[in-house]
2 protein chains.
Amino acid sequence: MNTPERLIESTRELLWERGYVGTSPKAILERADAGQGSMYHHFKGKPDLALAAIRRTAEEMRATAEGVLDGPGTPYERVEAYLRRERDVLRGCPIGRLTMDPDVIASDELRAPVEETLDWIRGRIAGIVEEGKEQGQFSASLDGAEIAAAVVATVQGGYVLARASGSPAAFDAGVRGLLSLLASRPA
Amino acid sequence: MNTPERLIESTRELLWERGYVGTSPKAILERADAGQGSMYHHFKGKPDLALAAIRRTAEEMRATAEGVLDGPGTPYERVEAYLRRERDVLRGCPIGRLTMDPDVIASDELRAPVEETLDWIRGRIAGIVEEGKEQGQFSASLDGAEIAAAVVATVQGGYVLARASGSPAAFDAGVRGLLSLLASRPA
DNA sequence: GTCTATAAGCGGATAGAC
DNA sequence: GTCTATCCGCTTATAGAC
């Protein structure tokens, strides 16, 4: 792996573990086994490197989500597959965690990939729910976009509960709870 | 307000805005209009002051939640009141955001009030859902603890979605989505 | 209790040699 | 492209005067 590549990968790891504010260029350089000069040669600075890292993580996450949402099965099964997909729960969401980073939120450029990724997933799930409504699997009274927001929020909030308690159990409980609601056919 | 009080309040504000990693003693002192000496006289250091601040915020949050969950109405209405309660959505949850802070999660002492608060709210809602099951308002097939996890996760994740998009709309959508599922009586 | 002084190291970056 | 040197301000304290 070449130097810019190692820098981006190290930054991705550190952003995931410690967030933007908690990640220093020095820590990145150590992990990438690169020198100061290399970093400032390939990138304008910390925000520029972080942007490259965030964009890549966003792209990867979108691909992973699409891989699950595009799978076979009924609309319910595809949403279920998204919710139950294997996750490193205690590490949290590498994209969602950035929303708690004041410097990321303060920068339109850094926030953009975060917003786009979460918006895209919500839109994708909303479409699947609408499909399910047409097929009669979901009640016509449901709103696709609202259900999608609840689904994605349950995942993002599940990470919060899991990290608070130091165990993935709460994440799994939330997912099961939401699925039990989604599965009950309305009268 | 006396000095220790001002220090705690300033720390609470900064932890909410910038998290633990993003909050420096210097910033606290400036906001509290206190000197270095005062802070180290009243507190052992940053972690000690942060602990006092987190404990107070946790206590306050629990009281606020209890105020809503203890209110009048059916179980559904009380859960709805919790979900719809007025919130400064774009500021995020002052307790939940701490779970994304590496130094908070790394410290059992700092994490404890976070865990206890979220656990307590989940337990409280779980009880209300079980009440609703007894009264036939909720399906007997639902699990109180799982629904509670989904409810709290939707709130916590709603903050993430809202902050990502820079608008409270996604938070509200998630809440409405969950409520629509909760309201549909199963066949 | 509060103030000022002092300190070792980090954060984020620039400059110029190689 | 990468390295070392250098920079200034911040971080997180400690020490001791008042």
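By convention in this document, chain letters (A, B, ...) are assigned in the order of the sequence lines, proteins followed by strands, and residues within each chain are numbered from 1.
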For [X] and [N], what is the distance between atoms [atom1] and [atom2] respectively, to the nearest whole Å?
X	N	atom1	atom2	answer
Leu14(B)	dT11(D)	CG	P	11 Å
His42(A)	dG12(C)	NE2	P	20 Å
Asp103(B)	dC10(C)	CG	P	15 Å
Ile28(B)	dC10(D)	CD1	P	16 Å
Leu49(A)	dG11(C)	CG	P	15 Å
Asp48(A)	dA13(C)	CG	C1'	14 Å
Asp33(A)	dC3(D)	CG	P	8 Å

Heavy-atom contacts, protein to nucleotides 12-18 of chain D, under 4.0 Å, summarised as B (base), S (sugar-phosphate only) or - (none) per nt, yield BBB----

Please confirm whether the shortest side-chain N or O distance from His41(A) to OP1 or OP2 of dC3(D) is below 4.0 Å. no

Per the under-4.0 Å heavy-atom filter, residues of residues 3-10 of chain B near DNA chain D come out as none

Under-4.0 Å salt bridge between [X] and [Y]:
X	Y	value
Asp103(A)	Arg18(B)	yes
Arg62(B)	Glu59(B)	no
Arg78(A)	Asp70(A)	no
Glu9(A)	Arg31(A)	no

Below 3.5 Å, can you tabulate the donor-acceptor pairs from side chains in residues 40-55 of chain A to any protein atom, sequence neighbours excluded?
{"from": "Lys46(A)", "atom 1": "NZ", "to": "Tyr20(A)", "atom 2": "O", "distance (Å)": "3.0"}
{"from": "Lys46(A)", "atom 1": "NZ", "to": "Thr23(A)", "atom 2": "O", "distance (Å)": "2.8"}
{"from": "Asp48(A)", "atom 1": "OD2", "to": "Lys44(A)", "atom 2": "N", "distance (Å)": "2.9"}

Distance under 6.0 Å and angle within 45° of ring axis: Arg91(A) vs Trp16(A): yes

Residues 157-167 of chain B vs side chain to side chain donor-acceptor pair (under 3.5 Å), sequence neighbours excluded, gives Arg87(B)-Tyr159(B)

Asp119(B) meets the side chain to side chain donor-acceptor pair (under 3.5 Å) criterion, sequence neighbours left out, with Arg122(B)

Thr57(A) meets the side chain to side chain donor-acceptor pair (under 3.5 Å) criterion, sequence neighbours left out, with Arg12(A)

